[in-house]
Amino acid sequence: MSEKFEHSQFAHCESGVVSTLLTHYGLKLSEPMVFGLTSSLSFVFLPIIKLNNMPLIAYRELPKNIVNKVSRVLGIEIVKKTYKNGIEANKDLTKFVEEKKLVGLQTSVFYLPYFPKDMRFHFNAHNLLVYGKEGSNYKVSDPVFEEPVLCDEKELTKARFAKGVFAPKGFMYYPKNIPSNLDLSLIVKKAIKKNAKSMLTPFPYAGVKGMRTLAKKISKLSSKDERYLKNYLTHIVRMQEEIGTGGGGFRFLYAAFLKESKQYNLNQELLDEASSLLVKSGNTLREFALLCVEASKKIEKFDRSKIAQKLIEASKYEEEAFILLKKI
Amino acid sequence: MEKIEVPKEENKVLEGHQKVMYTTTETGDFQRTNYGSSVEEFATQTAVEEFEVLKQESIENIKRGISSPLEYFMYENRMDLATLASVVGMFQFRVKRHLKMSNFKKLNEKILAKYAEAFNIKIEELKDFKV
């Protein structure tokens with residue numbers, strides 16, 4: 001483990017934190033590699049699970065997927081701890097940072113004081129790193145911020161023990177025992193196949209089919225209840241852009257992973273083609289978000305079939321990409 | 001290789017911060033780049049405004065004796081019923097009852113204290129809530 005810690009900004013909190021942790025403890029893996037190796041690209045539309053009266057829509061695997069899978073896929077032992085109360089959790093955390101150990105935490109965005117006010121919602125699956133302590137302030141490396149920040153002990157504890165969906169329960173993690181001779185080429189191949197399988201699942205609320213189910217739902221939205229429509233459309237965008245990483249950012253992240261995978265003895269042409277298709281999907285998703293926002297601004301201009309078509313277009317690129325990748 | 005367009009718009013919600021996304025360089029490699037998205041800004045603002053509207057509606061309903069102050073503070077803290085129930089450790093149906101003024105009036109100090117803690121306010125602010 002290296003003593004010095006350098007903060008970097010990432011596109012996504014969980015892959016960013018895990019990438020930093022692994023690199024810090026001796027296995028240099030980029031954010032796209034972490035994201036791809038854990039087969040994290042996904043699409044989930046679950047209308048029965050409600051968040052503020054809106055359905056659950058995710059553009060990647062559910063929270064904790066990366067932390068949990070990284071040990072299974074790479075054979076790295078990850079120490080994971082949850083706590084019953086804040087006092088115990090804090091004692092442990094302070095002990096760790098005093099030993100100059102870097103740890104990852106799961107927190108709720110709502111209670112983190114350094115977040116801009118309008119960004120603070122009850123989203124409980126935000127990941128960050130703690131790398132030091134100054135008085136009662138923890139030194140925090142939050143992957144979505146440009147610079148490291150300070151966070152008061154009291155407030156960080158509150159964020160770690162927030163209640164609700166995905167409640168973190170003080171979740172803390174760090175890697176231990178990283179195997180030195182990893183055969184990444186085999187692991188990469190397996191991970192890609194696995195992701196292809198999950199994106200092409202016949203289950204209608206996930207993967208490519210899930211995108212089409214959401215498109216169908218959009219094409220049936222009534223414009224009678226303007227407020228609901230506006231909230232629904234912007235909710236889709238928020239899940240994609242804000243909680244996601246901007247303009248179908250997860251697609252770009254996966255495309256970057258495929259590009260990086262070329263060094264592992266796989267069919268390069270195929271990887272290039274699939275990577276390009278995912279970039280197309282990401283770009284299309286951004287256009288889709290733009291259409292959703294335009295429609296929310298001017299409800300009379302709401303063209304449900306046009307918006308639904310955009311999403312179907314993106315799903316087609318992804319279907320094509322993953323049919324290719326399945327053969328890798 | 002398909003090109004990725006990086007939005008460079010203003011996003012006031014981020015208060016001067018910038019987020020990053022992956023994009024392609026001239027040589028086709030990927031790199032992280034800062035971006036600003038007005039689409040993101042609008043979506044976030046809509047969510048924030050929705051809570052403001054819910055708060056205003058709640059105030060109207062408190063005036064008419066239908067809703068309890070708990071409803072106002074729930075929205076003030078950007079919570080929904082499920083989140084609030086989880087924070088105070090009660091069943092949703094029970095919290096839903098407490099959101100009505102008639103049931104709220106019958107609550108004892110102990111339960112009020114739970115809610116006050118959830119909203120990070122004094123118990124008096126709940127009891128003497130003025131609209």
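Naming: A, B, ... by sequence-line order, numbering from 1 per chain. Values reported hereafter were calculated over all heavy atoms of this structure, with side chains retained and with hydrogens, waters and symmetry mates removed.
With a 4.5 Å cut-off on non-hydrogen atoms, B:Lys3 touches chain A through its backbone but not through its side chain. For A:Ala167, no part lies near chain B; criterion is any non-hydrogen pair under 4.5 Å. Looking at B:Arg32, the atoms closer than 4.5 Å to chain A (heavy atoms on both sides) all sit in the side chain, from C-beta outward. Residue A:Phe10 touches chain B through both its backbone and its side chain, counting heavy-atom pairs closer than 4.5 Å. Only the side chain of B:Asn34 comes within less than 4.5 Å of a heavy atom in chain A; its backbone stays farther off. With a threshold of 4.5 angstrom between heavy atoms, A:Arg227 approaches chain B through side-chain atoms but not through N, CA, C or O. Only the side chain of A:Tyr111 comes within less than 4.5 Å of a heavy atom of chain B; its backbone N, CA, C and O stay farther away. If you measure heavy-atom distances from B:Gln45 to chain A, you find no contacts under 4.5 Å at all. Using a 4.5 Å cut-off between heavy atoms, A:Lys117 touches chain B through backbone and side chain atoms alike. Neither the backbone nor the side chain of A:Ser30 has a heavy atom closer than 4.5 Å to any heavy atom of chain B. Both the backbone and the side chain of B:Ala47 come within less than 4.5 Å of a heavy atom of chain A. Proximity to chain B is absent for every atom of A:Pro143, based on heavy atoms less than 4.5 angstrom apart. When heavy atoms are compared at a cutoff of 4.5 Å, A:Leu51 approaches chain B solely by way of its backbone atoms N, CA, C and O. Contact of A:Lys280 with chain B is made through backbone and side chain together, with heavy-atom distances under 4.5 Å.
Between B:Glu5 and A:Arg286, every side-chain heavy-atom pair lies at or beyond the 4.5 Å cut-off. Side-chain contact between B:His17 and A:Gln9 is absent, with no heavy-atom pair separated by less than 4.5 Å. For the pair A:Thr234 and B:Phe42, the minimum side-chain heavy-atom distance is below 4.5 Å. Residues A:Pro32 and B:Phe30 form no side-chain contact, since every pair of their non-hydrogen atoms from C-beta on lies 4.5 Å or further apart.
Of the listed residues B:Val53, B:Thr23, B:Thr24, B:Leu81, the one with more heavy-atom pairs under 4.5 angstrom with chain A than any other is B:Val53. Among the candidates A:Glu260, A:Glu31, A:His235, the residue making the largest number of heavy-atom pairs closer than 4.5 Å to chain B is A:Glu31. For chain A, the option among B:Gln31, B:Lys12, B:Glu49, B:Gln18 with the highest count of heavy-atom pairs below 4.5 Å is B:Gln18. Highest contact tally toward chain B, considering only A:Lys158, A:Met54, A:Arg120, A:Lys50, is held by A:Arg120 [criterion: heavy-atom pairs under 4.5 Å].
Between A:Leu290 atom CG and B:Ser38 atom OG the span is 7.5 Å, to the nearest 0.5 Å. Taken to the nearest 0.5 Å, the CZ atom of A:Phe252 stands 9.5 Å off from the CD atom of B:Glu2. Taken from CE in A:Met119 to NZ in B:Lys19, the straight-line distance is 4.5 Å, to the nearest 0.5 Å. If you take CG on A:Asn52 and CG on B:Asp80, they are separated by 4.0 Å, rounding to the nearest 0.5 Å. Atom CE of residue B:Met79 and atom NE2 of residue A:His122 lie 4.0 Å apart, to the nearest 0.5 angstrom.
Annotation: A:Asp225, atom CG; neighbour count of heavy atoms from other residues, nucleotides and ligands within 6.0 Å is above 12. Atom NZ of B:Lys55 has more than 12 heavy atoms from other residues, nucleotides or ligands within 6.0 Å. Counting non-hydrogen atoms of other residues, nucleotides and ligands closer than 6.0 Å to NZ of A:Lys154 gives a total of 12 or fewer. Annotation for B:Glu124: atom CD counts as buried by contact number, over 12 foreign heavy atoms lying within 6.0 Å. Within 6.0 Å of atom CD in A:Glu269, 12 or fewer heavy atoms from other residues, nucleotides or ligands are found, so the atom counts as exposed in its surroundings. In A:Glu6, the CD atom is not crowded: 12 or fewer heavy atoms of neighbouring residues, nucleotides or ligands sit closer than 6.0 Å. Counting heavy atoms of neighbouring residues, nucleotides and ligands inside a 6.0 Å radius, atom CD of B:Glu117 does not exceed 12 of them. Heavy-atom contacts from other residues, nucleotides or ligands closer than 6.0 Å to NZ of A:Lys262 number more than 12.
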Please test B:Glu40 against A:Val237 for side-chain contact (heavy atoms from CB on, under 4.5 Å), starting from the C-alpha separation and ending with a verdict.
-> CA-CA 7 Å; B:Glu40 242 178 82; A:Val237 176; over 6 Å; no
Please walk me through it: do A:Lys163 and B:Thr83 pass side-chain contact (heavy atoms from CB on, under 4.5 Å)?
-> CA-CA 7 Å; A:Lys163 301 275 174 53; B:Thr83 308; over 6 Å; no
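Among all heavy-atom pairs drawn from A:Gly164 and B:Ser86, the shortest one is N-OG, 2.7 Å. Between A:Ala11 and B:Met21, the shortest heavy-atom contact is CB-CA, 4.4 Å.
Ring planes of A:Phe121 and B:Phe51: tilted class, angle from 30 to 60°.
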